[in-house]
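Here is the structure we will look at, set down as structure tokens.
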There are 2 protein chains.
Amino acid sequence: MVTIYDIAAQAGVSAMTVSRVINNTGKISDKTRAKVQRVMDELNYVPNHMARSLVLQQSKLLFLLITDITNPFYTTLARGAEDAAKKSGYRLLFGNSDESSQKEKDYIDTILSTRADGVLIAPASDSSLPHLESLRRHNVPFVLLDREVPGMGSDVVLGDTKEGARKLVDHLISLGHRRIALINGLPTISSARLRLEGFREALKLGDLAYDEQYVLESAFEPKSDLSDIESWLDSMDPAPTAIVAGNNVLAVEVIRTLHARGLRVPDDLSVVGFDDLGPYSEIDPFLTVIAQQAYQFGYLGMQMLIERIEERGAAAQPWRRVVLPAELVVRRSVAKLPE
Amino acid sequence: MVTIYDIAAQAGVSAMTVSRVINNTGKISDKTRAKVQRVMDELNYVPNHMARSLVLQQSKLLFLLITDITNPFYTTLARGAEDAAKKSGYRLLFGNSDESSQKEKDYIDTILSTRADGVLIAPASDSSLPHLESLRRHNVPFVLLDREVPGMGSDVVLGDTKEGARKLVDHLISLGHRRIALINGLPTISSARLRLEGFREALKLGDLAYDEQYVLESAFEPKSDLSDIESWLDSMDPAPTAIVAGNNVLAVEVIRTLHARGLRVPDDLSVVGFDDLGPYSEIDPFLTVIAQQAYQFGYLGMQMLIERIEERGAAAQPWRRVVLPAELVVRRSVAKLPE
DNA sequence: TAAAAAAATGTTACCGATAACATCAAAGTA
DNA sequence: TACTTTGATGTTATCGGTAACATTTTTTTA
């Protein structure tokens with residue numbers, strides 16, 4: 001690999017002069033600059049970022065850690081984060097924790113040892129706490145996305161999840177549904193807890209009793225084994241007329257299971273969910289959902305992160321909490337029940 | 001940040017001894033090892049990967065560069081690459097070029113200056129050639145995915161695209177279609193060229209004439225402006241009875257456009273495409289497609305990359321070319337025409 | 001018990017860059 | 001002309017690790 005020393009030797013100057021040309025610092029005569037520049041081009045010089053970060057103690061590298069790279073919510077979010085990072089001259093790398101606390105830990109280790117300047121992270125669950133503590137301890141700024149972790153203060157971008165759940169249930173009630181079920185993420189995830197809260201509140205406001213048998217808590221990630229959904233569907237008595245799914249993955253699993261049983265949505269059972277299904281939603285606007293501003297999650301989160309990084313040393317600002325609105329998008333997956 | 005020198009001082013040994021404990025190299029007494037280990041735990045030591053890579057001249061870092069992070073084909077591929085990388089003890093970072101040659105170049109620069117050990121890359125187009133030359137010049141092994149770049153020999157994992165296109169057209173012909181249109185990616189992308197070839201061959205075999213007006217070459221990425229699709233649809237005379245879309249993004253765009261015009265698929269026009277639409281194809285198996293083994297693209301490509309990296313120095317092996325099969329998945333988006 | 005071998009640990013130099021300071025020449029000023 | 005200032009460049013130390021070699025301690029063997 002070509003180094004500044006190779007350039008320096010070839011151009012007949014010192015390494016420091018080469019460094020000055022590269023970074024456009026200090027004073028250099030035009031003649032020297034031109035000569036150095038020419039040699040760099042000739043030898044295809046590429047700066048070694050690691051050597052540079054080592055001495056500068058900053059990498060201009062940011063990480064985005066998401067929990068499911070195949071989930072359109074997160075990939076759209078990634079686009080937003082990318083755009084915001086680029087605008088401020090940072091490079092962005094992605095990691096995918098797959099909803100696994102262990103994988104998340106591995107990525108955090110990578111991030112720490114890569115000496116990233118900051119991290120945008122959608123935590124796997126409450127058990128991410130030690131990972132976040134590790135980041136905090138090592139003084140790596142981070143911003144949480146979509147989920148909070150109790151016990152860890154930080155900047156965070158959230159969706160108005162509780163309100164979203166309420167809107168979904170209200171919508172169902174307004175169409176005559178009275179037996180409404182919820183398949184939710186695990187209660188170790190803050191957003192799942194909020195969905196349940198919103199769900200219960202809306203029931204109460206609608207004068208409907210909360211019945212535990214109508215609630216299933218299941219992992220957010222796609223699994224091959226759908227038997228818990230199966231048995232849950234069997235167990236409810238009387239059967240619900242509508243199911244609220246805690247996220248898009250669960251919505252898909254539920255609909256798949258229903259289809260496998262020969263049940264049609266919404267004719268036999270209504271289904272609503274959180275977050276869009278990506279391009280698919282566009283060709284066949286089928287599923288009624290709470291749409292979240294995925295791109296904004298990434299964009300705003302990244303802005304907040306960069307502000308934190310650049311204010312470093314300044315008096316610490318209080319944590320910021322951005323809550324993005326949740327919009328009900330009515331499509332065709334809910335039946336209107338006869339009164 | 002805590003360094004090995006801090007550990008060394010605290011533990012009353014030399015930095016080298018700490019290094020030996022970390023890497024489990026050389027000979028160390030159990031007592032010393034335990035002591036050093038304890039101090040590392042106490043101080044929450046995290047190795048500085050950059051310092052280490054600087055001296056070792058290798059980073060154990062790999063990159064995956066894809067062209068569209070919101071495309072399920074690539075995210076599924078990413079999963080495969082991730083799994084294969086982890087199995088061999090490499091860390092994997094993602095980059096997203098967004099089908100843009102410029103963004104791709106920026107990522108290549110990042111990759112070069114980060115001194116990654118290797119790159120898995122889905123090139124944006126033939127104009128990626130200089131970027132690949134740059135990698136080659138700097139001796140960074142890479143494997144191409146899904147697309148080849150003329151003039152650049154390398155390992156590559158491809159889909160059997162031409163055969164795929166043929167199968168789609170055959171399928172349409174067998175259902176009575178005679179006027180078949182193709183909306184394809186730009187001809188600067190190898191896979192788009194192959195699709196066109198397969199398309200033409202299948203027409204010929206089916207005794208159908210190739211008519212240029214039925215072919216539109218458009219960018220693969222989603223755009224807000226659909227006017228070229230609009231005018232193309234208007235221009236064809238007589239109108240086709242079926243449209244082959246070159247990838248999933250284009251399929252979605254076409255269907256969206258048709259819906260906007262009040263046309264139904266497949267009742268008014270049949271549409272087929274390449275690559276699935278992610279998990280969501282499952283809730284409503286609608287679009288007939290050529291399904292590619294996205295996960296395998298990533299997994300096999302990563303394996304080949306790692307083999308290249310680790311054989312370095314050994315006699316160079318000839319380039320390998322893996323072609324993965326393309327399977328026709330028949331669903332509901334094609335109408336059977338009366339003879 | 002002295003010499004040789006093995007085990008445990010330390011010292012030095014270097015990876016590729018930059019900050020801080022040092023030097024030297026040309027230009028400006030008294 | 002001597003003296004300061006400014007501009008252009010070089011030297012040295014350092015970031016956090018590890019390889020290669022050096023040294024010291026312990027164990028084995030003749």
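Quick caveat, the model's predicted, so the values are computed rather than measured. The figures that follow rest on heavy atoms only: side chains count, while hydrogens, waters and symmetry mates do not. Chain letters run A, B, ... following the sequence lines, proteins first, then strands; residues in each count from 1.
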What's the verdict on side-chain hydrogen bond (donor to acceptor under 3.5 Å, both in side chains) for A:Ser29 and A:Thr32, showing C-alpha distance, side-chain angles and the deciding distance?
CA-CA 5 Å; A:Ser29 69; A:Thr32 309; 2.7 Å; yes

The helix from C:dT1-D:dA30 to C:dA30-D:dT1: angle between its terminal axes, five pairs each, to 10°?
50°

Pair A:Glu104, A:Ser128: side-chain N/O donor-acceptor within cut-off below 3.5 Å
yes

Can you list, pair by pair, the side-chain donor-acceptor contacts under 3.5 Å of residues 14-23 of chain A, counting residues two or more places apart and other chains?
unit_1  : atom_1 : unit_2  : atom_2 : d
A:Ser14 : OG     : A:Met16 : N      : 3.4
A:Ser14 : OG     : A:Thr17 : N      : 3.4
A:Ser14 : OG     : A:Thr17 : OG1    : 3.3
A:Ser19 : OG     : A:Asn23 : ND2    : 3.4
A:Asn23 : OD1    : A:Arg52 : NH2    : 2.1
A:Asn23 : ND2    : A:Ser19 : O      : 2.9

Salt-bridge contact B:Asp109-A:Arg91 (side-chain N to carboxylate O under 4.0 Å):
no

Ion pair check, A:Lys87 and A:Asp83, cut-off under 4.0 Å:
no

Return yes if a side-chain donor-acceptor contact under 3.5 Å exists between A:Gln102 and A:Asp106, otherwise no.
yes

Please report, rounded to the nearest Å, how far the C1' atom of D:dT26 is from the CD1 atom of B:Ile28.
17 Å

Below 4.0 angstrom from OP1 or OP2 of C:dG10, is there any side-chain N or O of B:Thr17?
yes

Check for me whether the distance between the ring centres of B:Phe297 and B:Tyr74 falls short of 6.0 Å.
no

When we call it a touch if two heavy atoms are under 4.0 Å apart, what does A:Thr32 touch: a base, just sugar-phosphate, or nothing?
sugar-phosphate

Using a cut-off of less than 4.0 Å, is there contact between a side-chain N or O of A:Lys27 and OP1 or OP2 of D:dA8?
no

Under 4.0 Å protein heavy-atom contact, by nucleotide of nucleotides 14-24 of chain C - B base, S sugar-phosphate only
-BBBBBB----

CG (A:Asp30) with more than 12 external heavy atoms under 6.0 Å
no

